[in-house]
Asker: 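This structure is in structure tokens; I'll ask about it shortly.
Indexing begins at 1, ligand by ligand and atom by atom, following the structure's order. Below, each value reflects all heavy atoms present in this structure, side chains not excepted, and no hydrogens, waters or symmetry copies.
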Amino acid sequence: MSRPDLTLVLIGFGKVARRFVTLLAETAERLDFSWKVAGISTRHHGSVVAASGIDMQRAIGIVESRQSLDRLDEAPCERRGIDVIRQLADACADDAAEGRLVCIETTVLDIDRGEPAVSHVRAALEGQAHVVTANKGPAAFAYHELEALAESVDRVFLFEGAVMDGVPVFNLVRDTMPAIAIDGFRGVINATCNFILSELECGKEFDRALAEMQARGIAEADPSLDIDGWDAAAKTAALVNAMMGGVITPHYVQRTGIRDLTGLDVREARGRNKRIRLVASASRHGGRVQARVEPELLDHTDPLAGLVDLDNALYLTTDLLGEVGIVQRGGNLTQTAYALLSDVSRISQRLKGL
Ligand code: HSE
């Protein structure tokens, strides 16, 4: 197959999914696949299913002017995400059978059970679609089940955007570190908390820093997920499940957020040439994995102490390569959208037999 022709289904059409679509258009000449979107499901702006393809400029305009996508549908009706997936798996059965149907899941994180994202992924795989998601829920709550299901139907379940946006973490290990064992990791993996702590160090207020993260679309829809450490716990669970062979959920992670930290605390640490950062870590002890998210007082020589503003970093402890560090200097919407693009490109390469 020279240039695979992919049919995309977008479950969730918020900022990340819309930036993904514009990024596909901007990078068209560099892509190794062509694409159309055949279905979109949103929480607040209706849904549309059109197997022949949707005019995406119009779809983006409609959602950004807070209207309903139903007006693009020939037979508008109330559908949930799962209905859109099933309808398209049926309407695009040939694409699905040939491995050219891809579900892009970008609904918001649900910290109770990872739903409805887990059900979306399951339904898509059952309909023979590949799945790409930036949602942490599926890998954090149901990695092993979904991975086994994907394998059983000869499709892939990819979630590079779940941790550190498009900076390769999962794909780096999968593609370039064969036969390696990851015994643990340590990192700063929540940008919102890192930004708030950096701002507190400069004398700014907690609430103002958080409001800025919300305005820039970096905080979660419910920002308490960031400041209470849940977002980092979900990322930690996804890393433990996918890289360390653990079977945990975010609720297993020992968790303390940054809600109770004050400007005085972080400035006092700075005065002693130290820094407070929200650190996520996991390590193996015998057959058990211990996983934690908590503010740590770091010495200035600690590589995590150099992270400011939106920086993230993850240091993996491996058996054959020692410690491997991955650093992201700042993050934005384009970087999250790029995670989806890079995963879709992997599917295209798989179709080409690369
Ligand atoms: N709310 C998340 C963060 C977004 O601040 O890191 C990226 O996962």
Side-chain angles (χ1 to χ4, degrees), residues 12 14-20 23 104-111 114 117 132-141 158-171 185-200 206-242 250 253 255-259 261 276-281 293-295 304 307-314 326-343:
K15 284 187 182 150
V16 171
R18 298 201 297 275
R19 181 65 188 115
F20 165 66
L23 194 58
I104 312 286
E105 217 285 349
T106 57
T107 62
V108 297
L109 172 65
D110 157 59
I111 204 60
V132 168
T133 181
N135 190 320
K136 299 122 207 166
F141 283 91
L158 301 173
F159 43 87
E160 188 55 68
V163 178
M164 287 171 68
D165 302 320
V167 172
V169 175
F170 299 103
N171 291 337
F185 60 83
R186 196 165 164 271
V188 165
I189 52 179
N190 180 273
T192 299
C193 289
N194 211 55
F195 183 81
I196 293 172
L197 295 174
S198 302
E199 291 286 276
L200 288 177
F206 193 115
D207 290 347
R208 280 186 73 151
L210 176 57
E212 185 173 339
M213 286 295 90
Q214 290 180 278
R216 287 166 65 178
I218 291 169
E220 296 298 298
D222 171 2
S224 64
L225 295 185
D226 294 294
I227 61 179
D228 291 330
W230 279 116
D231 174 79
K235 290 167 175 165
T236 299
L239 290 163
V240 165
N241 292 338
V253 178
R255 179 186 50 80
T256 308
I258 64 161
R259 188 183 285 275
L261 287 175
I276 297 176
R277 289 292 177 259
L278 185 70
V279 175
S281 62
V293 168
E294 60 191 1
L304 298 182
L307 302 172
V308 292
D309 299 336
L310 301 177
D311 294 347
N312 275 199
L314 185 67
I326 307 162
V327 179
Q328 176 184 27
R329 290 289 181 207
N332 56 32
L333 198 56
T334 298
Q335 296 192 12
T336 314
Y338 179 76
L340 300 172
L341 185 152
S342 70
D343 278 344

Asker: Work out which heavy atom in Val169 is nearest to a heavy atom in Val163; give both atom names and the distance.
Answerer: CG2-O, 4.1 Å
Asker: Without swapping roles, check the side chain of Asp311 against the backbone of Gly330 for a donor-acceptor pair under 3.5 Å.
Answerer: yes
Asker: Hey, what do you get for CG (Asn190) to CD1 (Ile258), rounding to the nearest 0.5 Å?
Answerer: 7.5 Å
Asker: Which part of Lys235 is near ligand 1, with near meaning a heavy atom under 4.0 Å away: side chain, backbone, both or neither?
Answerer: side chain
Asker: Give the residue, atom name and distance (to 0.1 Å) of the protein heavy atom nearest atom 6 (O) of ligand 1.
Answerer: Ala191 N, 2.9 Å
Asker: In the protein, which heavy atom is nearest to atom 2 (C) of ligand 1, and how far is it?
Answerer: Glu220 OE2, 3.3 Å
Asker: If you count the atoms of ligand 1 from 1 in the order shown, which ones are under 4.0 Å from a heavy atom of Asp226?
Answerer: 1 (N), 2 (C), 3 (C), 5 (O)
Asker: Quick check for you: to the nearest 0.5 Å, what is the distance between Asp231 atom CG and Arg255 atom CZ?
Answerer: 11.5 Å
Asker: May I ask you to check if ligand 1 and Ala219 share an N or O to N or O distance below 3.5 Å?
Answerer: no
Asker: If we only consider heavy atoms of Lys136, is any one of them less than 4.0 Å away from an atom in ligand 1?
Answerer: yes
Asker: Taking the side chain as every heavy atom from C-beta outward, state whether Val108 and Glu220 have any pair of such atoms under 4.5 Å apart.
Answerer: no
Asker: Which part of Asn190 is near ligand 1, with near meaning a heavy atom under 4.0 Å away: side chain, backbone, both or neither?
Answerer: both
Asker: Could you identify the single nearest non-hydrogen protein atom to atom 4 (C) of ligand 1 and state the distance to 0.1 Å?
Answerer: Ile218 O, 3.3 Å
Asker: How does Thr192 reach ligand 1, by side chain, by backbone, by both or by neither, if only non-hydrogen atoms under 4.0 Å count?
Answerer: both
Asker: Please check: side-chain N/O of Glu105 versus main-chain N/O of Asn135, any donor-acceptor pairing under 3.5 Å?
Answerer: no
